There are 2 protein chains.
Amino acid sequence: MEKKSIKDVAEKAGVSTALVSYVLNNRMQGRISEATAARIRKAAKELNYQPNRIAQSLKLQKTRTIGLIVADITNTFSSQIARIVSEEARKKGYLVIIGSADEDAQKCAALIELFLSRQVDGFIIAAADNTEAQLKKLLKQKVPLVLFDRYFPSLKANAVTIDNYRASCTVTEHLIAAGKKRIGIIAYETGLFHLQERLRGYKDTLQQHRLAAPASLTGFVNIDNIEQDVARALDVMLSSRGRADAIYFTSNKLAVAGLKVLVERNIAIPGTLAVVSFDESDSFDFFHAPLTYVKQPLAGIGSEVVSMLISQMDMPASKITSKVLDAILVARASSQPS
Amino acid sequence: MEKKSIKDVAEKAGVSTALVSYVLNNRMQGRISEATAARIRKAAKELNYQPNRIAQSLKLQKTRTIGLIVADITNTFSSQIARIVSEEARKKGYLVIIGSADEDAQKCAALIELFLSRQVDGFIIAAADNTEAQLKKLLKQKVPLVLFDRYFPSLKANAVTIDNYRASCTVTEHLIAAGKKRIGIIAYETGLFHLQERLRGYKDTLQQHRLAAPASLTGFVNIDNIEQDVARALDVMLSSRGRADAIYFTSNKLAVAGLKVLVERNIAIPGTLAVVSFDESDSFDFFHAPLTYVKQPLAGIGSEVVSMLISQMDMPASKITSKVLDAILVARASSQPS
DNA sequence: TTGTACGCGTTATCAC
DNA sequence: GTGATAACGCGTACAA
């Protein structure tokens, strides 16, 4: 029951190892007599031979392995994407190794190094803040790469994203249509483009509707201090003067933190305050009011990202492509007029 | 910026590849002049040389890769374990590749094959139902293996578990102490030992306290039909005659499904019904009553499982060990006397 | 310190 | 037409 090598199969079939390789890979058909081919296949099956992928990889200079780096694996968005990407890649004969950068540029760099030393064929990355330099280095080394979720306009890399600006516009329009006039936003203090886009969509839409967007209705949150920052920002928005009548959380994590505060403060949702979140969270399951949220096309992102990377790997000279998928606003009770 | 090999370093330093290997691996210290060693290290750094782990693996017949197979990656329990195991293994120089068996014996077998063909050094597995035969095969092939969460008493394999029987006793005692007399249980229809143990702990404890455990208070759920089965079981338990005053969900997934039903039926928790869950779920975040649940020592399981596997890999002849960690009952409002 | 035979497949080249 | 030989890929570690 020891692991068998191609040599074992060759001996059992009474041929050279070369022939075994040819037959099992269905190459050089016609150049090999069907009789010996059958003998080889039989021997391989009887020995339960499985080619050693390490040896294959060394020879072929390809591991058929993809490195996936997500922003934060504890976030449903990331774990869902990881599941979908793994499955899509498996269908195409690739193995995915997963790393979580935990929104940290250092960790991201370490993961890239780790995966490179393991000779991954390509990367799928949801970039953390301040990782542009690392990504640029990868691109310079011509490592196949596809970005998703987050991306840098300055970077000439393949990317699969949604239109964060437009999604935010939709959210804001939705709240305005529900009669809200003092719409607050909770956003990260970040250099990440896609998050800035969410903020921009909100601001532009308000302006377009001649609605105020005072600083008191814009809450910036430091990612390392979410709970306190969210609480502080909400308390400002809910203070007597110019009290907010709606709040748009630009991420699910912000929404969870925010909703906990709102529950503590006994704020009626959607009665006195409408709420919208970007992305889902399992936590929403039992929130008393079903939550309105922006739903990203996870399956689409996952499959697109994989096929884009594979085509890049197959034709290294192919040019950069970027694809924008549509997000959907799922309107539910939390943002409806009560 | 092309990838450098050991040969490049050797040439640049004007030595043989053997020396480079020795120096970079800190072998044969003293037998190599410090001057050339320094020259080699300098050359390696300048070329940004990273050894090709594929070649290393082929030569050493070790990949320093661990295959982790979890039951269901969408479950918090699994994803947390995956995160912890990956991190623990990384600290010790191992890479973890993750697969989700989705509670399916076929998928589990496919993952084992996939990982074996990738020459993982060992496995960490939360076994799905009906996978005993596959695991036995692995053991026969002397593949290092550690089981966790689920295990088979008949299998002589390393294992890290909790005492499910005792945890269930604790849950039941807790409910009894809270004055509950008609305690229902929702459990999977399964051959998995650890789940049967949970049921056994509940039954024994009831019997010990001379409390009834009629069939109407025991709900069996098929894993492929959770929603309906849970709803049906709960409706029986809540029917007028001999109505349950407490319910013990033997998994977080069952609890989530069950709580949705209970909310629909307008059952007051803990007012008319106390509830306990095994394991947590993000969904519990906003359930109106904080949920009492059995908390498993995830960090402990994760680190133990990794160190157990590594010691097994380092000394293949070492004998089977199994470790039982303690679970804690986190008592909160959902099971307190109202 | 160095040469080189490994590990295990793949594939170009050579032989009958 | 059929098949074998051998040179890779890249580190490692033994013999010299």
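Just so you know, these numbers come straight off a predicted model, no measurement behind them. Proteins get letters first, then strands, A, B, ... in listed order; numbering begins at 1 in each.
The backbone N or O of A/T74 lies less than 3.5 Å from a partner atom in the side chain of A/D72, making a donor-acceptor pair. Remark: side-chain polar atoms of A/D121 are not paired, donor with acceptor, to backbone N or O of A/K62 under 3.5 angstrom. Between the A/T65 side chain and the A/T63 main chain, a donor and an acceptor come within less than 3.5 Å of each other. Side chain of A/D104 to main chain of A/Q106: a donor-acceptor pair is present (N/O by atom type, distance under 3.5 Å, no hydrogens or angles). A/R27 contributes no side-chain N or O that, together with a main-chain N or O of A/Y22, makes up a donor-acceptor pair within less than 3.5 Å.
Direction change of the helix axis from one end of the helix from C/dT1-D/dA16 to C/dC16-D/dG1 to the other is 70°, with five pairs defining each end axis (rounded to 10°).
To the nearest angstrom, P of D/dG11 lies 12 Å from NZ of B/K3. Atom pair B/N52:CG and D/dT12:C1' shows a separation of 13 Å (rounding to whole Å applied). Atom CG of A/D8 and atom P of C/dG7 are 11 Å apart (whole Å). B/L58 has its CG atom 13 Å from the P atom of D/dA13, to the nearest Å. In this structure, the CD atom of A/Q50 is 15 Å from the P atom of C/dC8, given to the nearest Å. Separating the CZ atom of A/R64 from the C1' atom of C/dG9 is a distance of 15 Å, rounded to the nearest angstrom. A straight line from CD of A/E11 to C1' of C/dC8 spans 14 Å, rounded to a whole angstrom. In this structure, the CG atom of B/N26 is 13 Å from the P atom of D/dA13, given to the nearest Å.
The side chain of A/T36 contributes an N or O atom lying less than 4.0 Å from OP1 or OP2 of D/dG3. Here B/Q61 reaches the OP1 or OP2 of C/dC8: one of its side-chain N or O atoms lies under 4.0 Å away. The side chain of B/S33 contributes an N or O atom lying less than 4.0 Å from OP1 or OP2 of C/dT1.
Between A/G30 and B/R53, the residue anchored closer to the 5' end of DNA chain D is A/G30, taking for each the nucleotide with the nearest heavy atom.
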Test side-chain contact (heavy atoms from CB on, under 4.5 Å) applied to A/L147 and A/V160, step by step: CA-CA 6 Å; A/L147 300 180; A/V160 178; over 6 Å; no
Derivation of the side-chain contact (heavy atoms from CB on, under 4.5 Å) call for B/L325 and B/T161: CA-CA 6 Å; B/L325 301 179; B/T161 58; over 6 Å; no
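Shown are A/V146, A/V120, A/I124; of these, the side chain to side chain contact (heavy atoms under 4.5 Å, CB included) with A/I66 is made only by A/I124.
A/I32 comes within contact range of the sugar-phosphate backbone alone, with a heavy-atom separation under 4.0 Å but no base atom that close. The residue B/V20 sits apart from the nucleic acid: no heavy atom pair falls under 4.0 Å.
When side chains are defined from C-beta on, A/I162 does not count as touching A/D149, because their heavy atoms never get closer than 4.5 Å.
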Under 4.0 Å protein heavy-atom contact, by nucleotide of nucleotides 10-16 of chain C - B base, S sugar-phosphate only: BBB----
